[in-house]
Amino acid sequence: MKTTKENMTQNTQPYKGTRDFYPEDKRLQKWMFSKWREVCESFGYEEYDGPILEPLELYTSKTSEEVVNEQTYSFTDRGGRSVVMRPEMTPTVSRMVAARRQELGYPLRLYSIPNCFRYERTQRGRTREFWQLNADLFGIEGIEAEMEILLLTDRLMTVFGAKRNMYEIRLNSRKLLNSQIDKSDPSVEQQEVVRLVDKRDKMPEADFLSELKKLVSKPDQLLKFLDTKDISNIEDPAADGLKELLEMAKDNGMTNVVFMPSVARGFDYYTDIVFEVFDLDPENNRAMFGGGRYDGLVAEFGVEPVPTIGIAPGDVTLQNFLESWDLLPKLETETNLYVVLVGEVFEGAQKIVSKLRDEGVRVAVDMSGRKVGKQIETAVKKGIPYLLVIGEEELKSEQFKLKDLASGEEKEYSLERVVSTVLAE
RNA sequence: GUGGCUGUAGCUCAGUUGGUUAGAGCGCCAGUUUGUGGUACUGGAUGUCGUGGGUUCAACUCCCAUCAGCCACCCCA
């Protein structure tokens with residue numbers, strides 16, 4: 001059978017919206033995830049995981065309608081069940097908490113880094129498979145939970161080298177927003193107004209106003225609220241928590257936490273405090289990720305409610321952020337030593353190599369039989385820092401030529417010195 | 001789902017008002033007498049010009065469709 005060029009290109013491309021992770025890409029991902037883990041664990045969050053596949057019902061009435069109806073990868077399994085590949089993690093973790101509602105200790109701190117799938121048109125910052133950190137705090141009703149999540153969010157940015165002038169944490173409250181909507185018109189459908197408010201910055205102001213007038217008979221009260229910059233001007237009991245939270249954030253030196261009445265978030269399950277982390281780079285001015293309180297979700301599984309607040313930063317948006325602020329590190333290969341073989345010494349060299357591995361050196365052996373120059377080129381290409389030459393002479397003398405590939409320096413060492421030199425870095 | 005832009009070697013691109021053997025740089029491979037790379041020199045491979053159809057004596061260049069990528073909207077990580 002003839003393989004056509006067309007087939008070749010199709011076969012080597014990853015499926016639309018997914019990414020192949022070659023070693024240099026995977027290194028970056030591992031680096032980001034390890035930072036996420038480091039920060040979460042420093043707050044006492046424990047890692048969990050759940051299945052990629054979930055029954056469709058898990059998402060109906062929990063996630064936003066559009067996400068469930070139009071953006072899921074779904075299929076019917078051989079038993080006739082509707083199955084989806086998880087578009088987000090929150091329903092899964094809520095299900096898990098509900099299942100062991102009584103035996104889990106509260107406050108319960110959980111985090112996970114799941115890959116999620118959404119059938120969407122791809123664009124900057126948006127793929128069809130993505131990873132997101134989900135960190136959730138269960139069992140605390142008070143504003144202290146929000147405060148912890150804000151501190152966590154802040155660290156999740158600064159751990160990557162982000163400065164406070166690079167991003168802003170914008171706070172609002174669904175409860176407050178709904179209360180303000182009620183005041184302007186008690187009969188109005190809150191959810192629709194919330195959605196409209198969420199879109200305000202992205203549409204012409206005139207359109208926003210005319211849309212708003214369709215939904216609210218007396219929009220002036222609401223507009224006044226939306227244009228409020230200083231929360232202390234708002235006299236509404238629903239704003240109390242927010243005021244307290246802003247005060248606490250300020251006391252903790254978080255100068256980039258602000259009140260933003262237009263922040264609403266798309267998911268239906270949020271109940272009170274919501275927030276978004278904004279990239280302040282004018283070239284990439286957008287919400288990177290958000291979070292908020294969703295006190296009702298666990299109770300959807302028929303158990304007593306568990307107050308919950310969580311955040312979910314994504315890998316793609318984070319990477320865009322780090323790129324635009326030049327915060328991506330140069331990551332090197334995990335391998336620290338490349339062994340060049342000269343002559344028929346493969347078997348003899350294995351004993352040396354095993355000793356090196358026993359000492360914790362990560363060694364790759366070139367058994368290609370190519371000339372030394374070619375073997376060195378390969379080591380350089382892979383970015384391996386050290387090179388060890390093993391031939392008949394070395395096996396006899398037990399003295400080895402260790403080459404520092406960056407400087408080009410080469411020295412004769414005993415195996416012991418090889419180990420200590422290579423691991424010194 | 002809606003709209004805009006783009007699609008020529010692995011990568012970045014050039015390719016004249018359609019004209020007959022499609023180019024450059026980088027990269028890649030090989031060699032410069034066989035145990036040492038990153039410089040230099042020499043040589044080499046690679047593309048049915050995203051795919052399919054149409055117009056034409058002739059298409060990489062024009063038209064249509066399709067796929068893919070990018071960007072914005074929608075939604076959201």
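In what follows, chains carry the letters A, B, and so on, assigned in the order in which the sequence lines appear, proteins first and then strands, with residues in each chain numbered from 1. Owing to the predicted nature of the structure, the values given are computational and were not obtained by experimental measurement.
- If you check B:C70 for Watson-Crick or wobble pairing at under 3.5 angstrom, you find it paired to B:G4.
- Of the charged side-chain nitrogens involved, at least one lies within less than 4.0 Å of a carboxylate oxygen, so that A:Arg37 and A:Glu47 count as a salt-bridged pair.
- Within the 4.5 Å cutoff, the side chain of A:Arg27 has heavy atoms near those of the A:Glu334 side chain.
- With a 3.5 Å ceiling on both atom-pair distances, the Watson-Crick or G-U wobble partner of B:U51 is B:A65.
- Across all strands shown, A:Thr378 has no heavy atoms under 4.0 Å from either base or sugar-phosphate atoms.
- Between B:C70 and A:Thr122, a contact under 4.0 Å exists linking OP1 or OP2 to a side-chain N or O.
- Remark: the A:Glu120 side chain and the B:A77 base include a donor-acceptor N/O pair separated by less than 3.5 Å.
- Remark: the A:Lys403 side chain and the B:U36 base include a donor-acceptor N/O pair separated by less than 3.5 Å.
- Taking side-chain N and O atoms only, A:Gln71 has no distance below 4.0 Å to OP1 or OP2 of B:C75.
- The six-membered or imidazole ring of A:Tyr45 lies away from that of A:Trp36, with a centre-to-centre distance of 6.0 Å or more.
- Set against B:G37, B:C76, B:A77, the side chain of A:Arg286 has B:C76 as its closest nucleotide.
- Ionic pairing of A:Glu146 and A:Arg293 is present here: one or more N-O contacts between side-chain nitrogen and carboxylate oxygen are shorter than 4.0 angstrom.
- The pair A:Lys396-A:Glu394 fails the salt-bridge criterion, with no side-chain N (NZ, NE, NH1 or NH2) lying under 4.0 Å from an Asp/Glu carboxylate O.
- Annotation: A:Glu141, atom CD; neighbour count of heavy atoms from other residues, nucleotides and ligands within 6.0 Å does not exceed 12.
- A 3.5 Å limit on both hydrogen-bonding distances identifies no Watson-Crick or G-U partner for B:U46.
- Atom pair A:Arg124:CZ and B:C73:P shows a separation of 12 Å (rounding to whole Å applied).
- Taking the C1' atoms as reference points, B:U34 lies 46 Å from B:C60, given to the whole Å.
- Rounded to a whole Å, the CG atom of A:Asp366 is 15 Å from the P atom of B:U36.
- Judged by distance alone with a 3.5 Å cut-off, no donor-acceptor contact links the side chain of A:Gln375 to the base of B:U36.
- At a cut-off of 3.5 angstrom, the base of B:A77 holds at least one donor-acceptor pair with the side chain of A:Arg118.
- The CG atom of A:Asn320 sits 15 Å away from the P atom of B:A77 (whole-angstrom rounding).
- A:Gly408 comes within contact range of at least one nucleobase, with a heavy-atom separation under 4.0 Å.
- Each of A:Gly17 and A:Arg128 has a nearest nucleotide on RNA chain B; the 5'-most of these lies closest to A:Gly17.
- Applying the Watson-Crick and G-U wobble criteria (two distances, each under 3.5 Å), B:C76 pairs with nothing in any strand.
- When the C1' atom is compared between B:U61 and B:C76, the two are found 41 Å apart, to the nearest whole Å.
- Donor-acceptor pairing under 3.5 Å is recorded for the side chains of A:Tyr111 and A:Glu41.
- Judged by distance alone, with hydrogens and angles left aside, A:Glu394 brings a side-chain donor or acceptor within reach of the base of B:G35, the pair sitting under 3.5 Å.
- When rounded to the nearest whole Å, the span between CD of A:Gln132 and P of B:A77 equals 7 Å.
- With hydrogens and angles left out, the side chain of A:Arg126 and the base of B:C71 share no donor-acceptor pair within 3.5 Å.
- B:U39 and B:G47: their C1' atoms are spaced 31 Å apart (whole Å).
- For A:Phe289 and B:A77, the ring-to-base geometry does not satisfy the stacking test (centroid distance below 5.5 Å, interplanar angle below 30°).
- Separating the P atom of B:A24 from that of B:U46 is a span of 13 Å, rounded to the nearest Å.
- Dashed line: the shortest gap from a side-chain N or O of A:Lys381 to OP1 or OP2 of B:G38 is not under 4.0 Å.
- Rounded to an integer number of Å, the gap from CD of A:Glu24 to C1' of B:G10 is 13 Å.
- Between the P atoms of B:G69 and B:U36, the separation comes to 47 Å (whole Å).
- In this structure, OH of A:Tyr22 is placed 13 Å from P of B:G10, rounded to the nearest angstrom.
- Rounded to whole Å, atom C1' of B:U34 lies 13 Å from atom NZ of A:Lys374.
- You won't find any donor-acceptor pair under 3.5 Å spanning the side chain of A:Arg121 and the base of B:C73, going by distance alone.
- Going from atom CZ of A:Arg370 over to atom P of B:U34 covers 18 Å, rounded to whole Å.
- Nucleotides of RNA chain B nearest to A:Glu377 and A:Met288 differ in position, and the one nearer the 5' end is that of A:Glu377.
- Taking the C1' atom of each, B:C13 and B:U20 are spaced 25 Å apart, rounded to whole Å.
- Under the Watson-Crick or G-U wobble criterion, with both distances below 3.5 Å, B:G19 is paired with B:C57.
- Ring centers of A:Phe400 and A:Tyr413: at least 6.0 Å apart, outside the cut-off.
- When distances are taken from the side chain of A:Leu405 to each of B:A77, B:A72, B:G37, the shortest belongs to B:G37.
- When the side-chain nitrogen and oxygen atoms of A:Lys16 are compared with OP1 and OP2 of B:G69, one or more of them lie within a distance under 4.0 Å.
- The nucleotide whose nearest atom lies closest to any side-chain atom of A:Lys401 is, among B:U36, B:C28, B:A77, B:U36.
- A gap of 14 Å separates the P atoms of B:G50 and B:A14, to the nearest Å.
- Closest contact between the side chain of A:Lys371 and the listed nucleotides B:G31, B:A77, B:U36 involves B:G31.
- Figure legend. B:G25 is base-paired to B:C11; pairs are counted as Watson-Crick or G-U wobble with both atom distances under 3.5 Å.
- By the 4.5 Å heavy-atom criterion applied to side chains, A:Leu110 and A:Leu137 are not counted as neighbours.
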